[in-house]
A.B. asks: 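Mind looking over this structure? Questions follow.
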Amino acid sequence: MREFRHDIAGDRVTVHVPETAEDLDRFREWLDRARERGPIAVDTETTGLDIYRPGYRLRTVQLGDAHDAWVLLYERGGEHAQHAREALQCCGHVLIHNANFDWLVLDEHAGTPLESLAPRTVDTRILATLIDPRQQSEGGIGTGLKPLSARWVDPTAPDTQAGLQSVFRAHGLTKETGWAGIPLMDPTFLLYAGLDVILTARLEPVLRREHSRLGIRPELVQYEHEIARICAVMQRRGLLVDQEYAEPLARRLAEEAERYRAMAARYGVTKVGSSAQVAEALAGMGETLTERTKSGALQTDKAVLLPLADLDRDWQRIGAREPNPLANAVLRAKRAKKWGEDYAQGFMSKLDAHGRIHPAIAPLAARTGRMSVTDGLHQLPSSDHVVRRAILAEPGHVKVSTDFVAVELRVLAALAHVRRMREAIAAGEDLHAFTARMVWGPDFTPRHRKVSKGISFGKVYGGGLDVIVRQTGAPEAEVRSALAAYDRVYPEIKRAASRWQRQAVANGMVYVSPVGRRLPLDRDRTYAVTNYACQSTARDVLGQALLNMEAAGLLEYMRLPIHDEILMSVPAEDAADVARETERCMTFPLFGVPIAAEAEVGGRSWGSLYGADY
DNA sequence: AACTTCACG
DNA sequence: ACGTACGTGAAGTTT
């Protein structure tokens, strides 16, 4: 038996590493006693984050309580792996920090189904996020084990992740190669592996006490664990990639990027990503740049370059000037590079053994509670179908996408009791058209509807005249009068915003959403409370839809949540029925305001919902 | 590490 | 008193 001692919060704790059969017997004895006393904390160390990449290994499984941790050498197989698997099956309730990751690791590599472990899990990251969802960079505590331990357990608790980086270097390894390459019996590796479960075990009771103090309801905690499990199931399933399509697409886009890069180089721009070079070269061609970035540099983003290339927002020729060839080349080189490398080639480089990608779904990522997804799957170009065409439904299936209808605006109508909005929604009206009619009268044009939509978003997001003018491209005078009219038509919005700000200030700068989610405000931008309330509640509307869909037996078809949309892969012959059923799951009242959804049944690829013919 | 850009809702 | 666009992930460049 290898044993390590360490002091945490004034207590001497022990990390045990069983090596012999007798050592493993002692682990069993400890486990039998410890599980009588309470939940067991669980953690894993693995070769990396890419759980589904061929060659991935589970290295250790750690179990522990507040005083003892046992690091099981899973990588050795045999008795070690056997004891880990049995312990996970029989240990009852478990505490895991950021459970999604360990659920999927243990499901894929230790024969412990997610369906078995998830219902027994308390995730300390969820507990902590419900107390303060902010990252340290946003002024919060942070949601990693290190900052939370420092705040709630012991300010001197070691940064086990950062601490290992230096051990990696000592072994001639890097951040990338360290997790797979560090010798299994490295003492720092084993100690830190053990300390993580001890810290998790100590975190849970403190966070529970804080929940009681703040009045965070157990129902909210339960709800978040259900959502996390559903998201983990979707991540485990992943998405099928059309390799015969994505591979040549990546090649074609790489050639295109290279062609335009060479064109830009002829004007002295050797790096199209260098804003300074682009600005200087454009100035040398007689163009005048006026827009500046926050730090004062000349701005050379898409909004600046498109007009110089005589292109509108949809990249169509305007015909107002001679296109600047450098602006055109920079725009096209950057787009082709991004689409090719981040998306097409990105998919190809992340395939599992079955040609699937598994973007990580973080169910509670943003400070508003919104989800986030890795590998660019939330950011695929929607103006064109070429990239989404690379994502396929299963063989014999079609893609079904169901969107909430104007969900953030409906949430606003519900939360702020916006009378005219509620009436319009109840009457089944198109909200943006309704607003346009209220502002411009019955003869409003489609352009007026578009401006109304822009103003609505501007309102919800807290934008002012300048930004809305820039975003909508509408004349300033028109936006100005529309904004004034908007406040007359929907006077409740401003009143609700100031009420929410007052409540937040009285509650330690924390707005509490209707589900009980705590949303800390930044002191100098309390106006953001309107957006936080809408974005956060819209996220919970999505969460409710996910629960409804699982209850309706649709989980096996669900693939990806995208804020106000749920993407599915459905057997072609059932698609129409499942689409109707999905709409029903996404339709329910929110404080008397109907939330509605519209399903679209596509073809085999995701791109088919964006105009592709397959 | 900070900044800038670009992709999305 | 007034007005403030919100939230992400990923990559490249510069410091």
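These numbers come from a predicted model, not from an experiment. Chain naming here is simple, since letters A, B, ... match the order of the sequence lines and numbering starts at 1 in each.
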A.B. asks: Below 4.0 angstrom from OP1 or OP2 of B:dC6, is there any side-chain N or O of A:Lys338?
C.D. replies: no
A.B. asks: Please determine whether a side-chain nitrogen or oxygen atom of A:Ser274 lies at a distance below 4.0 Å from atom OP1 or OP2 of C:dT14.
C.D. replies: yes
A.B. asks: Using the side-chain hydrogen bond (donor to acceptor under 3.5 Å, both in side chains) definition, which of the options A:Ser452, A:Ser481, A:Ser456 pairs with A:Tyr486?
C.D. replies: A:Ser456
A.B. asks: Any side-chain donor paired with an acceptor under 3.5 Å for A:Ser401 and A:Glu565?
C.D. replies: yes
A.B. asks: Does the ring of A:Tyr527 meet both stacking tests against the six-membered base ring of C:dT4: centre distance under 5.5 Å and plane angle under 30°?
C.D. replies: no
A.B. asks: Just call it for A:Ile468: base, sugar-phosphate, or nothing, with non-hydrogen atoms closer than 4.0 Å on any strand.
C.D. replies: nothing
A.B. asks: Quickly work out the A:Tyr610 OH to B:dA7 P distance and round it to whole Å.
C.D. replies: 15 Å
A.B. asks: Between C:dA10 and A:Tyr343, is there an OP1 or OP2 to side-chain N/O distance shorter than 4.0 Å?
C.D. replies: no
A.B. asks: Tabulate below the donor-acceptor pairs under 3.5 Å that side-chain atoms of residues 461-477 of chain A make, not counting sequence neighbours, or state none.
C.D. replies:
| unit_1 | atom_1 | unit_2 | atom_2 | d |
| --- | --- | --- | --- | --- |
| A:Thr472 | OG1 | A:Ile468 | O | 2.7 |
| A:Thr472 | OG1 | A:Ala474 | N | 3.2 |
| A:Glu476 | OE2 | A:Arg480 | NH2 | 2.6 |

A.B. asks: Is the phosphate of C:dG12, meaning OP1 or OP2, less than 4.0 Å from a side-chain N or O of A:Lys337?
C.D. replies: yes
A.B. asks: Quickly work out the A:Leu609 CG to B:dG9 P distance and round it to whole Å.
C.D. replies: 13 Å
A.B. asks: Are A:Tyr260 and A:Asn328 linked by a side-chain donor-acceptor pair shorter than 3.5 Å?
C.D. replies: no
A.B. asks: Is there a side-chain contact between A:Tyr532 and the phosphate of C:dG7, meaning an N or O under 4.0 Å from OP1 or OP2?
C.D. replies: yes
A.B. asks: Write down the distance between CG (A:Asp301) and P (C:dG12), rounded to a whole number of angstrom.
C.D. replies: 18 Å
A.B. asks: Decide yes or no on side chain to side chain contact (heavy atoms under 4.5 Å, CB included) for A:Val451 and A:Arg449, but give the supporting numbers first.
C.D. replies: CA-CA 5 Å; A:Val451 173; A:Arg449 182 188 177 279; over 6 Å; no
A.B. asks: Could you check whether A:Trp179 and A:Phe168 have their ring centres less than 6.0 Å apart?
C.D. replies: yes
A.B. asks: Given B:dT5, C:dA5, C:dG7, which nucleotide is nearest the side-chain atoms of A:Gln299?
C.D. replies: B:dT5
A.B. asks: With heavy atoms under 4.0 Å as the rule, sort A:Val373 into base, sugar-phosphate or nothing.
C.D. replies: sugar-phosphate
A.B. asks: To the nearest angstrom, how far is A:Asn531 atom CG from B:dG9 atom P?
C.D. replies: 16 Å
A.B. asks: Could you state the atom-to-atom distance from CD of A:Gln501 to C1' of C:dC2 in whole Å?
C.D. replies: 13 Å
A.B. asks: Select base, sugar-phosphate, or nothing to describe what A:Thr530 touches, counting heavy atoms under 4.0 Å on all strands.
C.D. replies: nothing
A.B. asks: Regarding A:Gly464, tell me which of base, sugar-phosphate or nothing describes its non-hydrogen contacts under 4.0 Å with the strands shown.
C.D. replies: sugar-phosphate
A.B. asks: Between the side chains of A:Gln503 and A:Asn507, does any donor sit under 3.5 Å from an acceptor?
C.D. replies: no
A.B. asks: Check every strand shown and say whether A:Gln471 touches a base, only sugar-phosphate, or nothing at a heavy-atom separation below 4.0 Å.
C.D. replies: base
A.B. asks: Give one of base, sugar-phosphate or nothing for A:Glu341, where a contact means two heavy atoms less than 4.0 Å apart.
C.D. replies: sugar-phosphate
A.B. asks: Please report, rounded to the nearest Å, how far the C1' atom of C:dT8 is from the CG atom of A:Asp564.
C.D. replies: 14 Å
A.B. asks: So does A:Ser372 get a side-chain nitrogen or oxygen closer than 4.0 Å to the phosphate oxygens (OP1/OP2) of C:dG9?
C.D. replies: yes
A.B. asks: Verify the contact: side-chain N or O of A:Arg525 to OP1 or OP2 of C:dG7, cut-off strictly under 4.0 Å; return yes or no.
C.D. replies: yes
A.B. asks: Check whether A:Trp339 forms a cation-pi arrangement with A:Arg335 (NZ or CZ under 6.0 Å from the six-membered ring centre, at most 45° off the ring normal).
C.D. replies: yes
A.B. asks: Can you find a donor-acceptor pair, distance only, under 3.5 Å between A:Arg370 side chain and B:dG9 base?
C.D. replies: yes
A.B. asks: Please determine if a side-chain N or O atom of A:Lys271 lies less than 4.0 Å away from the OP1 or OP2 oxygen of C:dT14.
C.D. replies: yes
A.B. asks: Which one, C:dG9, B:dC8, C:dG7, comes nearest to the side chain of A:Thr374?
C.D. replies: C:dG9
A.B. asks: With a non-hydrogen cut-off below 4.0 angstrom, is A:Thr526 in contact with a base, only sugar-phosphate, or nothing?
C.D. replies: nothing
A.B. asks: Mind checking A:Glu138 for me? I need base, sugar-phosphate or nothing, with any heavy atom below 4.0 Å counting as a touch.
C.D. replies: sugar-phosphate
A.B. asks: If a stem is a run of at least 3 consecutive Watson-Crick or G-U pairs, both distances under 3.5 Å, which stems include DNA chain C?
C.D. replies: B:1-9 with C:6-14
A.B. asks: Taking the six-membered ring where the residue is Trp, are the ring centres of A:Tyr56 and A:Tyr52 under 6.0 Å apart?
C.D. replies: no
A.B. asks: In terms of side-chain heavy atoms of A:Lys334, which of C:dT14, B:dC6, C:dG7 is nearest?
C.D. replies: B:dC6
A.B. asks: Counting only side-chain N and O atoms of A:Gln379, is one of them less than 4.0 Å from OP1 or OP2 of C:dT8?
C.D. replies: no
A.B. asks: Expressed as a whole number of angstroms, how long is the span from A:Asp487:CG to C:dG3:P?
C.D. replies: 10 Å
A.B. asks: Calculate the interatomic distance between A:Leu364 atom CG and C:dG7 atom C1'; express it in whole Å.
C.D. replies: 14 Å
A.B. asks: Should the heavy atoms of other residues, nucleotides or ligands under 6.0 Å from NZ of A:Lys450 be counted, would the total exceed 12?
C.D. replies: no
A.B. asks: Counting any heavy atom closer than 4.0 Å, what does A:Leu377 reach on the DNA or RNA strands: base, sugar-phosphate only, or nothing?
C.D. replies: nothing
A.B. asks: If only side-chain N and O atoms of A:Ser382 are considered, is one of them under 4.0 Å from the OP1 or OP2 phosphate oxygen of B:dC8?
C.D. replies: yes
